[in-house]
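For reference, the structure is listed below as structure tokens.
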Amino acid sequence: MPVVLDPDAAAVYRAFQEAGRPAYETLTAPEARAYYLQARFATNPEAPELARVAALAIPAPHGTIPARLYVPKAPRRHDGLSPALVFFHGGGWVIGDLDSHDVVCRQLAVDGALIVISVDYRLAPEHKFPAATDDALAATKWVAANARELGIDASRLSIGGDSAGGNLAAVVALAARDAGGPAIAGQVLIYPATDFAMTHGSHSEPETSVLLTHSVIRWFRDHYLNGAADTHDWHASPARAQSLVGLPPAYVLTAGADPLRDEGDEYAERLKQAGVPVTARHYPGQFHGFFTMGRLLQQANIAVGEIGAWLKGLG
């Protein structure tokens, strides 16, 4: 489908091209992580002040999972407890960390008037599939089990993330449904990766190879998966789940200039057909990754605000 970038998105894309930054697939994973983390200083908006930000260490079979707790100044409270969002950062399961998504987690805490817990799951290729999925599920279970001590209302616990983090949120929602818990109030899927087959049209359109290029997404895949067989496992490709019935309400965001656009749109439609309440929001003139670029792209701040409002609507 034809894609025309919004003027500000086109300007940002031009600036990235003119900066001469090396393509991630030409770097080692640690080098790519450093480049990605550095970019936040130019793209992230100002960080809103919160009442409290604290480091957490979540117990896991392999040791601990680092996490970060965000408490806004005016959280919604009932009987002293607040709703919460467990957030998984994007970055192709290879890059990204608590700092790369620090500002957007602060924004979500403020706009959603809730507690946010950001999870620093293990990254590939040092830790291949299903390490990230295992960490995401372990962290969600731990938050639910320790909700009261964290000031959280376990009955109002949502999950979410962008890109690879959206994939992890979708997988956790499925796993929690199949295991009979923990209870998930809502899932926020921000341009999620849902199908590693990568056969949708948006994976081959020239207009979608912007920042998250067709070649770098294959580089991410090859770092994360152990082999082709993993593609068919719904723990990697949630779209491969036989049924989406019984999943929590979903907010699904997609962008026009994004290789993941079509699989995100299709997943939202499948959720609807399964009877899941879905709010689908499409940003036709934005590229993959815009969500964290509020300093340069006003649509990013609008998206955060809308997700915050949606989370408030969950109760």
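Excluded from the calculations below are hydrogen atoms, water molecules and symmetry mates; all remaining heavy atoms, backbone and side chain alike, are included.
Applying the side-chain contact (heavy atoms from CB on, under 4.5 Å) test to Asn301 and every residue at least two apart in sequence or in another chain returns Pro45, Gln107, Gln298. Under the rule for a ring pair (Phe, Tyr, Trp, His ring centres under 6.0 Å), the partners of His288 that lie at least two apart in sequence or sit in another chain are Tyr191. Residues that satisfy the ring pair (Phe, Tyr, Trp, His ring centres under 6.0 Å) test with Trp310, not counting sequence neighbours, are Tyr251. By the side-chain hydrogen bond (donor to acceptor under 3.5 Å, both in side chains) test, Trp142 is found to be paired with no residue, residues two or more places apart in sequence or in another chain being considered. Partners of Ala173 by side-chain contact (heavy atoms from CB on, under 4.5 Å), not counting sequence neighbours, listed by chain and number: Ile159, Gln187, Leu247, Pro248.
Ring centers of Trp234 and Phe129: at least 6.0 Å apart, outside the cut-off. Residues Tyr121 and His89 place their aromatic rings such that the two centres sit under 6.0 Å apart. For Phe287 and Tyr13, the ring centers are positioned 6.0 Å apart or more.
The closest side-chain heavy-atom distance from Leu314 to Arg156 is not below 4.5 Å. With a 4.5 Å cut-off on side-chain heavy atoms, Leu123 and Ile95 do not count as touching. Taking 4.5 Å as the limit, every side-chain heavy atom of Val71 sits out of range of all side-chain heavy atoms of Leu50.
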Side-chain donor-acceptor pairs under 3.5 Å in residues 113-120, sequence neighbours left out?
none

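Between the Asp135 side chain and the Arg122 main chain, a donor and an acceptor come within less than 3.5 Å of each other. Arg281 places no side-chain N or O within 3.5 Å of a backbone atom of Ile307 that could act as its donor or acceptor partner.
For the pair Arg21 and Glu31, the salt-bridge criterion is not met [side-chain N within less than 4.0 Å of a carboxylate O]. In this structure, Glu49 does not pair ionically with Arg106, as no charged nitrogen and carboxylate oxygen lie closer than 4.0 Å.
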Requested in this report: Just do the salt bridge (charged side-chain N to carboxylate O under 4.0 Å, His left out) check on Arg218 and Asp222 with the steps written out, would you?
Outcome: CA-CA 6 Å; Arg218 290 191 293 270; Asp222 294 344; over 6 Å; no
Query raised in the report: For Asp99 and Arg68, what are the C-alpha separation, side-chain angles and deciding distance, and is it a salt bridge (charged side-chain N to carboxylate O under 4.0 Å, His left out)?
Result: CA-CA 10 Å; Asp99 290 335; Arg68 190 173 290 167; 3.0 Å; yes
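The side-chain contact (heavy atoms from CB on, under 4.5 Å) test with Tyr283 is passed by exactly one of Asp6, Asp258, Leu253: Leu253.
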